[in-house]
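Have a look at the structure below before the remarks.
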Amino acid sequence: MKHIVKILALLLAVTAVWIGLLQTSTIPESYTWLLPLYLIVSLGCYGLLMVGVGLMNFPTCPQEALFLQQDIVEAREFLKKKGVDVGSD
């Protein structure tokens, strides 16, 4: 519940700033109407950047890779005992 309150408060603050910019003439009106679009595009770029950084920093787990290979071998042996063709490897 706290997270949604933060999001709504941020949305309310951004909307208030946007309406304030529309009421005053500090920024030309043609640019002010595009601010929500710029915000959405900026948030999308930020999200893609965070996904890219997360993928670049993704940790490798060599021990877990060995456990996974062992599980695969055990599963193949189990399926062969049951008569399931698991391919040649």
Side-chain angles (χ1 to χ4, degrees):
M1 187 68 183
K2 289 181 182 180
H3 193 64
I4 198 161
V5 171
K6 289 180 185 178
I7 291 172
L8 289 176
L10 181 63
L11 185 62
L12 182 68
V14 168
T15 304
V17 168
W18 183 53
I19 290 173
L21 288 173
L22 284 174
Q23 297 295 323
T24 62
S25 59
T26 55
I27 297 177
E29 191 172 332
S30 60
Y31 295 141
T32 308
W33 283 106
L34 293 174
L35 285 177
L37 181 64
Y38 292 151
L39 178 68
I40 291 171
V41 170
S42 298
L43 288 175
C45 291
Y46 175 76
L48 286 175
L49 177 71
M50 289 296 105
V51 168
V53 168
L55 287 174
M56 288 190 315
N57 294 334
F58 192 75
T60 57
C61 306
Q63 184 65 27
E64 295 300 322
L66 293 175
F67 288 146
L68 181 61
Q69 291 296 329
Q70 182 181 2
D71 288 344
I72 291 171
V73 169
E74 290 174 8
R76 284 185 180 201
E77 291 173 1
F78 176 77
L79 290 173
K80 282 183 184 178
K81 288 180 186 175
K82 296 286 184 177
V84 177
D85 183 24
V86 290
S88 61
D89 200 30

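Positions are given from 1, in the same order as the sequence printed here.
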With hydrophobic residues grouped by side-chain heavy-atom distances under 4.5 Å, do [X] and [Y] end up in a single group?
{"X": "Leu10", "Y": "Leu12", "result": "no"}
{"X": "Tyr46", "Y": "Val53", "result": "yes"}
{"X": "Tyr38", "Y": "Val17", "result": "yes"}
{"X": "Val73", "Y": "Phe67", "result": "no"}

Interatomic distance, [X] atom [atom1] to [Y] atom [atom2] [nearest 0.5 angstrom]:
{"X": "Glu74", "Y": "Leu79", "atom1": "CD", "atom2": "CG", "value": "12.0 Å"}
{"X": "Ile4", "Y": "Lys6", "atom1": "CD1", "atom2": "NZ", "value": "13.0 Å"}
{"X": "Asp71", "Y": "Glu64", "atom1": "CG", "atom2": "CD", "value": "9.5 Å"}
{"X": "Ile40", "Y": "Cys45", "atom1": "CD1", "atom2": "SG", "value": "12.0 Å"}

